[in-house]
Amino acid sequence: MARRTKEDAVATRNGLIDAAEQVFREKGVSRASLSDIAQAAGATRGAIYWHFKDKVDLFNAMMDRVTLPLEQGYGEFESSTCPDPVQRLRAVMALVLRGVASDERTRRVFEIALYKVEYVSELVGVRDRHVAASEGFTQQLARDFALGAQHQGVVLPMAPIEAAIGLHALFDGLIRNWILTEGNFDLVGVGGACTDAFLLGLGLSLPVSSGTEVCSLSS
């Protein structure tokens with residue numbers, strides 16, 4: 001009986017987070033009320049307060065259920081054993097874009113974090129999370145740009161960190177526009193072509209094989 005009660009509590013909590021995700025996406029975080037969320041979940045406000053301190057606590061629980069794209073990218077750079085830095089860079093970018101395109105929950109939560117929330121007051125922590133992931137991802141890109149140039153014996157036309165900022169902006173813009181336009185273009189295909197064009201523009205050569213064939217990634 002105790003186990004069943006615990007399972008029911010977990011199911012109720014997850015249902016409330018699912019409902020919050022739906023309401024936040026439809027109304028925006030600031031306009032969404034706990035009553036709206038309770039109604040969407042078929043529960044009471046009391047049930048919400050049993051599991052969460054307030055709306056911010058519920059919002060943070062929603063964010064904690066997913067790994068945001070740049071967080072995934074940073075993790076893949078950290079764990080990859082791919083010996084070719086240029087191929088590793090291409091493979092990580094492709095992997096993250098596929099994750100955004102295929103994982104509906106990640107896509108919805110990322111959309112909320114991008115377009116449905118104001119980074120003020122108690123929610124400033126969401127901005128801090130984005131900034132930390134962005135900085136880590138950019139530093140990893142810069143590292144692979146430097147290693148790639150050294151490996152191929154070329155001189156980049158800009159500093160590795162500048163190249164990293166540029167590719168990061170391209171990557172971020174593709175995801176944002178794909179979400180904003182509700183997926184009206186092939187994110188993975190366009191993203192891969194843009195990544196390769198960017199690398200070629202810097203004077204780097206692309207490996208003969210494409211995608212993740214010669215790279216060991218965790219996903």
Side-chain angles (χ1 to χ4, degrees), residues 3 5-79 92 95-140 168-169 171-180 182-183 187 218-219:
R3 180 179 179 181
T5 301
K6 183 176 181 180
E7 291 175 351
D8 289 343
V10 170
T12 299
R13 186 178 188 275
N14 286 333
L16 290 169
I17 299 174
D18 289 341
E21 184 181 299
Q22 171 191 333
V23 175
F24 288 154
R25 187 168 182 262
E26 291 174 353
K27 295 191 172 186
V29 177
S30 62
R31 293 182 58 196
S33 70
L34 292 181
S35 295
D36 294 330
I37 295 169
Q39 182 177 4
T44 64
R45 282 173 57 95
I48 294 178
Y49 283 118
W50 178 262
H51 292 277
F52 306 98
K53 183 173 64 175
D54 50 28
K55 186 169 71 172
V56 174
D57 191 30
L58 180 52
F59 177 86
N60 288 331
M62 178 197 71
M63 294 295 297
D64 287 342
R65 288 204 305 185
V66 302
T67 300
L68 297 180
L70 293 185
E71 292 172 334
Q72 181 188 18
Y74 179 76
E76 292 296 345
F77 273 123
E78 288 284 282
S79 62
V92 169
L95 181 70
V96 176
L97 291 174
R98 282 198 301 272
V100 174
S102 63
D103 190 321
E104 292 186 9
R105 171 170 289 167
T106 296
R107 183 166 67 250
R108 288 194 301 267
V109 172
F110 194 44
E111 178 183 353
I112 293 168
L114 286 176
Y115 297 115
K116 307 290 185 174
V117 63
E118 296 177 328
Y119 295 144
V120 296
S121 189
E122 299 94 336
L123 294 175
V124 71
V126 181
R127 178 185 179 277
D128 293 341
R129 179 176 172 180
H130 275 300
V131 170
S134 175
E135 289 178 348
F137 188 71
T138 300
Q139 290 299 325
Q140 293 287 10
H168 181 184
F171 174 83
D172 193 48
L174 284 168
I175 293 177
R176 287 173 181 265
N177 280 289
W178 185 81
I179 289 175
L180 188 63
E182 299 182 341
L187 179 63
S218 63
S219 299

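Position 1 is the first residue of the sequence, and the numbers go up from there. Every heavy atom of this structure was used, including side-chain atoms; hydrogens, water molecules and symmetry mates were not.
A ring pair (Phe, Tyr, Trp, His ring centres under 6.0 Å) check over residues 18-37, counting only residues at least two apart or in different chains, returns the pairs Phe24-Phe59.
Residue Leu114 holds its CG atom at 9.5 Å from CG of Leu180, rounded to the nearest 0.5 Å. Here the straight-line distance linking atom OG of Ser102 with atom CG of Leu187 works out to 10.0 Å at 0.5 Å rounding. The structure places CD1 of Ile48 at 11.0 Å from CG of Asp54, a figure rounded to the nearest 0.5 Å.
A salt bridge between Arg108 and Asp103 is absent, with no side-chain N of the basic residue lying under 4.0 Å from a carboxylate O of the acidic one.
Of all heavy-atom pairs spanning Ile37 and Leu16, the tightest one is CG2-O, 3.9 Å. The nearest pair of heavy atoms linking Arg45 to Ala38 is N-CB, 3.9 Å. Between Phe137 and Val92 the shortest heavy-atom distance is CE1-CG1, 4.5 Å. Closest heavy-atom contact between Ala32 and Lys55: O-NZ, 2.8 Å. Between Met62 and Ile17, the shortest heavy-atom distance links the atoms CA-CG2, 3.7 Å. Smallest separation of non-hydrogen atoms from Ala41 and Gly15: CB-O, 4.1 Å.
Formation of a donor-acceptor pair under 3.5 Å by the Asn177 side chain with backbone atoms of Gly173 is found in this model. Side chain of Tyr115 to backbone of Arg176: a donor-acceptor contact under 3.5 angstrom is found. Proximity of a side-chain donor or acceptor of Asp36 to a complementary backbone N or O of Ser33 within less than 3.5 Å is detected.
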Candidate pair Glu26 and Lys116, rule salt bridge (charged side-chain N to carboxylate O under 4.0 Å, His left out), full reasoning: CA-CA 9 Å; Glu26 291 174 353; Lys116 307 290 185 174; over 6 Å; no
task: Would you check, one step at a time, whether the test side chain to side chain contact (heavy atoms under 4.5 Å, CB included) holds for Thr138 with Ser134?
output: CA-CA 6 Å; Thr138 300; Ser134 175; 4.2 Å; yes
- request: Could you please spell out the steps behind the side chain to side chain contact (heavy atoms under 4.5 Å, CB included) verdict for Trp50 and Thr12?
  value: CA-CA 10 Å; Trp50 178 262; Thr12 299; over 6 Å; no
task: Please step through side chain to side chain contact (heavy atoms under 4.5 Å, CB included) for the pair Leu34 and Phe52, ending with a clear verdict.
output: CA-CA 11 Å; Leu34 292 181; Phe52 306 98; over 6 Å; no
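A side chain to side chain contact (heavy atoms under 4.5 Å, CB included) with Arg65 is found for exactly one of Asp18, Val109, Thr106, namely Asp18. For the side chain to side chain contact (heavy atoms under 4.5 Å, CB included) test with Arg107, the passing option among Arg105, Glu111, Glu104 is Glu104; the others fail.
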